[in-house]
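Read through the structure below, which is laid out as structure tokens, and then see the notes.
Chain identifiers are assigned alphabetically (A, B, ...) following the order of the sequence lines, protein sequences preceding nucleic acid strands; residue numbering begins at 1 within each chain. None of these values were measured; they are calculated from a predicted model.
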Amino acid sequence: MTIRLQIVIGVILVSFMLIIVNMIRKKKFDLRYALSWLTMLVVALILDIFPRIVFGLAHVIGIDIPSNMVFFVGLILAIIMIFTIAVSVSRMSNRVKKLTQELALLQKELDEIKGNK
Amino acid sequence: MKKLVIIPAYNEQASIKKTVQDIRDNAPEFDYVVINDCSTDDTLKVCVENGINVLKLPINLGIGGAVQSGYLYAYRNGYDVAVQFDGDGQHSAKYLENMAAAIEENDADMVIGSRFIENKGFQSSFMRRVGIKHFNVLIKMLTGKVVTDPTSGMRMVNRDIIKLFSEDYPKDYPEPESVVQIITMGKKVVEIPVIMNERTEGVSSISPLKSIYYMIKVTIAMVIARIRG
């Protein structure tokens, strides 16, 4: 890996991190949900600065070409994050359903009270 | 005994008034509630103008969530029996008394109005019947019970099941899945013959394109309902 590539990747990672921190600062992104992204970026940055870790790991699991190792790990992480989001969407939709139903029942009671006055 | 008719309605402006009138005329012992599932037509306006008892969902929940709102309403208001009834004119209110009698006589937890006991009236399209046959076989395999019309939207349940459904009800295409669910729990399901009409207004919630998805989804849901135990 050339030093040039390391710098390019490093700049991308740091900018992404700054964008996320700025969004947290403006309360557009909950720290709770941003944390996994920040962690991932920090890990990526460490690997960018010390690429020998990647070579070592690739050798240990038996992947010949270190770049394949990077793709492999990236893919696994992406799948985990998408899966987590799918689960949380499912939970959200149940909560929205419950709220909608309670709201409709309350609205009905309110209409009846108002109508009887 | 307090009895409630739950009428889920999504864009049924043309038929909702007639449906409610049918219940008032032919099943006077029943209260009713229309669940307006955030219709985009004038369903709500028709209901309000005609003094129809309506529950207004602020967000479209789809058939499962809408019907479940009805069960929640039934549970909170102390109903002993609740029955689902389509808002599009396919069901006839004259069978409601028979269904309530069937619940009492058989000490049943659920009574389904079935088109396929006497095979009279509108029998659905050929493809639909193939799908229903598939569910018949699947239910027999999963539960050992025979249910002739598992997709029937005309179903009456007692207070136990009202409570159960108000807490836990499938989101879409709920009928066959919830039948397996309650039979697995050891509840008693009885069917009585009814005659259904072809819908006069509006469109079915299941388009041809969606039917493949429907079959796969419901099949998996039924198997999982059985495993869940």
Side chain, backbone, both or neither: which part of A:Leu103 has a heavy atom under 4.5 Å from chain B?
side chain
I need the contact set between residues 51-60 of chain B and chain A: heavy-atom distance under 4.5 Å, sorted by residue number.
B:Asn53, B:Val54, B:Leu55, B:Lys56, B:Leu57, B:Pro58, B:Ile59
Give the ring-plane orientation class for B:Tyr79 versus B:Tyr73, where under 30° counts as parallel, over 60° as perpendicular and anything between as tilted.
parallel
Under a 4.0 Å threshold between the charged nitrogen and the carboxylate oxygen, would B:Lys217 count as salt-bridged to B:Glu177?
yes
Quick one: does A:Asn68's side chain get under 4.5 Å of A:Phe71's, heavy atoms only?
yes
Answer with side chain, backbone, both or neither: which region of B:Tyr169 has an atom nearer than 4.5 Å to a non-hydrogen atom of chain A?
backbone
Please examine the side chains of B:Val81 and B:Met156, heavy atoms only from C-beta on, and report whether any two atoms are closer than 4.5 Å.
yes
Among B:Thr40, B:Thr43, B:Asn36, B:Asp42, which residue satisfies the side-chain hydrogen bond (donor to acceptor under 3.5 Å, both in side chains) criterion with B:Asn11?
B:Thr40
Distance check, rounded to the nearest 0.5 Å: A:Leu77 atom CG versus A:Met40 atom CE?
6.0 Å
Pairs satisfying salt bridge (charged side-chain N to carboxylate O under 4.0 Å, His left out), at least one member in residues 20-41 of chain B, at least two apart:
B:Lys3-B:Glu29
